[in-house]
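Everything on this sheet refers to the single structure shown next.
Here the structure is a predicted model, which is why all the values come from computation and not from measurement. Computed over heavy atoms, backbone and side chain alike; hydrogens, waters and symmetry mates excluded. Below, chain A is the first sequence line, B the second, and so on; all start at residue 1.
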Amino acid sequence: MITLEGVSKSYGRFTAVDDVSFTAQPGRVTGFLGPNGAGKSTSMRIMVGLTHPDRGTATIGGHRYAEIPNPARHVGVLLDASAQHAGRTGREVLALSAMTMGLPLTRVEEMLAMVGLSETEAKRRVRNYSLGMRQRLGIANALMAEPPVLILDEPANGLDPAGIHWMRSLLRSYAERGGTVLLSSHLLHEVEMIADEMVLIGRGRIVAQGTKAELLQTRGTFVRGEHPQKLAAVLAEAGITATPSGDGGLRTEAEPVEVGRAAAAAGVVLAELRPAEGAGLEELFLQLTADDARETVTAEGVLA
Amino acid sequence: MTTTYAGTLDVSTTTRPPMSRLVKVELRKMVDTRAGMWLMITIGAVTVVATTIFGLAGHDEDRTFYNFMQFAGAPQGILLPVLGILLVTQEWSQRTAMVTFTLEPQRSRTLIAKVCAALALGLAAFVVAVCVALLATVLFGGADPWGGVGAIDFVKFGILQFSGILQGLAFGLLFLSSAFAIVLYFVLPTAFSILFNTVPALKDSAPWIDFGTAQGPLGEVGNLTGTEWAQLAVTGTLWVILPFLAGLWRMLRAEVK
């Protein structure tokens with residue numbers, strides 16, 4: 001279990017992490033989601049003691065990371081797949097970790113096989129690795145001691161679709177066996193695919209957290225009528241606020257049954273009526289992070 | 001992983017990695033890259049080459065064991081500190097500190113392991129230099145090659161080599177950047193030596209402030225005087241121990257990114 005309580009960290013006048021509190025539970029994959037520069041990496045560095053917070057505490061299974069003896073045996077960490085000596089071979093990188101942790105070197109071969117790095121790839125120097133290969137090496141490094149807790153910063157970054165699928169089943173099975181998995185991403189669909197729980201962060205602050213289902217719950221309805229304008233008028237008359245949402249459809253906070261009732265009462269034909277699931281989460285993400293996302297700033301700059 | 005984990009971690013069954021293991025890892029890190037390997041090979045090769053050239057070209061009366069040791073040691077004295085610097089700075093320039101300090105969050109333990117590893121290599125280099133000098137004396141020795149060599153000469157030679165390594169480590173810790181540390185390691189002491197040996201007002205205080213000046217007697221035959229030992233201690237504190245402590249303070253607090 002990973003617990004952050006009121007963690008803050010500032011660099012001069014810039015607040016990277018602002019009063020962040022959340023818990024990653026055992027048996028669950030927790031996705032740490034936010035745009036670039038939102039404070040994900042800083043929070044994760046604080047969890048493993050590489051960065052000292054100005055305020056607050058971060059504990060793993062009730063301990064401060066630095067107090068855990070031989071911590072890599074208990075907590076698998078991947079913070080930056082590129083933070084490896086470019087001149088070492090992939091196998092050597094794992095061998096150094098195995099030695100430090102006191103694991104047999106046979107474990108290195110097992111891990112190379114597990115993450116799908118071939119014999120020739122293992123002999124190559126990290127300088128010649130693609131980002132995807134570095135991620136696999138980093139994951140091998142984190143999983144080497146089969147720790148009950150995993151902290152992975154952008155682990156899916158650079159992986160191809162097959163790699164992401166592989167990582168999903170890997171992390172799922174880890175959580176199913178009772179492990180605590182925390183992974184960060186700036187891509188909603190990555191987290192949506194892998195995580196059970198979500199913690200959304202923007203500009204250093206937690207903006208939403210909960211299970212995927214909880215975050216989806218209040219997201220309302222997608223409806224498309226045979227005649228879009230007529231439907232819009234009918235909904236407005238019924239007191240249901242709806243906004244256009246692509247393909248001539250409308251999105252509203254109201255429940256599907258209310259929308260259907262209003263349409264039936266007015267005799268309007270519906271072409272589509274469903275809870276606005278995936279799109280809802282996406283909108284939530286965009287909305288929650290809109291003020292913080294760099295993209296928005298750029299768009300505004302273009303308009304101005 | 002077969003058990004189900006609760007919210008707390010039971011860490012009672014694991015112990016910290018023993019220091020011997022950390023030292024082994026640090027030693028391995030020095031030779032597991034091409035750069036590290038070549039630095040080692042270069043140190044060995046230059047030791048042999050320098051000694052051989054002196055053996056072939058030196059005057060008959062100069063070709064003593066003592067001088068051979070000096071020649072074997074001179075290139076080492078330049079390269080070993082670089083090794084000490086890189087041992088610390090490559091963790092930052094290659095960003096492996098992130099992994100190193102997550103594997104062993106007690107940074108001071110990693111540093112102790114690095115110091116031990118550096119001193120072990122220094123000792124190995126010392127032994128190599130003495131062996132090469134012995135061999136060279138047998139092969140190229142002049143009329144009376146063994147004359148005047150005492151135990152104190154080995155001690156002085158050792159001090160010279162080890163203080164270089166430690167100073168390299170200290171500069172590495174202080175600057176946490178290979179380029180900065182290497183350049184300043186060579187430039188600063190040289191600049192001080194020039195300054196203190198050319199400005200008349202400073203010349204008298206040079207052996208008390210300038211490490212290079214104080215180390216001078218280490219390269220001459222015979223024991224040092226009490227004053228010279230004291231000067232060595234004072235300048236050693238100034239140029240090795242204080243930078244080391246400042247660097248230690250910095251490394252323990254530095255944010256690792």
Part of Thr96(B) within contact of chain A (heavy atom distance under 4.5 Å) | both
Quick one: of Ala72(A), Gly102(A), Gly138(A), who has the most non-hydrogen atom pairs under 4.5 Å with chain B?
-> Gly102(A)
Locate the shortest heavy-atom distance separating His63(A) from Leu9(B); write the atom from each residue and the value.
-> NE2-O, 2.9 Å
How far does OG of Ser82(A) sit from CD of Gln94(B), to the nearest 0.5 angstrom?
-> 11.5 Å
Check Pro69(A) against Thr15(B) and note the closest heavy-atom contact, atom names and distance.
-> CB-C, 3.8 Å
So, the part of Glu67(A) with a heavy atom under 4.5 Å from chain B: the answer is backbone
Within a radius of less than 6.0 Å around CZ of Phe22(A), do more than 12 heavy atoms belonging to other residues, nucleotides or ligands occur?
-> yes
Chain B-proximal positions within residues 48-60 of chain A [heavy-atom distance under 4.5 Å] = Val48(A), Gly49(A), Leu50(A), Thr51(A), His52(A), Ile60(A)
So, Tyr65(A) side chain and Thr102(B) main chain: donor-acceptor pair closer than 3.5 Å or not?
-> yes
Will you find, in the side chains of His74(A) and Thr14(B), an N or O donor that is under 3.5 Å from an N or O acceptor?
-> yes
Tell me, out of Lys29(B), Gln106(B), Glu91(B), Arg253(B), who's got the most heavy-atom pairs with chain A below 4.5 Å.
-> Lys29(B)
Considering only heavy atoms from C-beta outward, does the side chain of Val99(B) approach that of Val93(A) to under 4.5 Å?
-> no
How far does CG of Leu78(A) sit from CE of Met98(B), to the nearest 0.5 angstrom?
-> 9.0 Å
Thr42(A) side, atom OG1; Lys257(B) side, atom NZ - distance, nearest 0.5 Å | 6.0 Å
When heavy-atom pairs shorter than 4.5 Å are enumerated against chain B, which of Val77(A), Asp80(A), Leu79(A) gives the highest number?
-> Asp80(A)
Using non-hydrogen atoms only, which part of His85(A) is less than 4.5 Å away from chain B: side chain, backbone, both, or neither?
-> both
Just list the side-chain donor-acceptor pairs under 3.5 Å for residues 69-87 of chain B, sequence neighbours left out, or say none.
from	atom 1	to	atom 2	distance (Å)
Gln70(B)	NE2	Tyr66(B)	OH	3.3
Gln76(B)	OE1	Gln161(B)	NE2	3.0
Gln76(B)	NE2	Thr47(B)	OG1	3.3
Gln76(B)	NE2	Ala125(B)	O	3.1

State, yes or no, whether a side-chain contact exists between Arg28(B) and Glu92(A) at a heavy-atom distance under 4.5 Å.
-> yes
How far apart are the C-alpha atoms of Arg45(A) and Val256(B), what are their side-chain angles, what is the distance that settles it, and do they pass the side chain to side chain contact (heavy atoms under 4.5 Å, CB included) test?
-> CA-CA 8 Å; Arg45(A) 282 204 310 274; Val256(B) 187; 5.7 Å; no
Heavy-atom contact with chain B under 4.5 Å, split by part of Arg88(A) = both
Residues Met99(A) and Arg21(B): closest non-hydrogen pair is O-CD, 2.7 Å
Mind checking whether Asn70(A) and Arg16(B) have side chains closer than 4.5 Å, heavy atoms only?
-> no
Structural part of Arg107(B) lying under 4.5 Å from a heavy atom of chain A | side chain
Would you mind checking which part of Leu22(B) comes under 4.5 Å of any heavy atom in chain A, side chain (CB onward), backbone (N, CA, C, O), both or neither?
-> side chain
Shortest non-hydrogen pair, Leu103(B) vs Pro71(A), comes out as O-CD, 3.6 Å
Audit row: Asp32(B), Thr89(A), side chain to side chain contact (heavy atoms under 4.5 Å, CB included) steps and yes/no = CA-CA 9 Å; Asp32(B) 69 357; Thr89(A) 64; over 6 Å; no
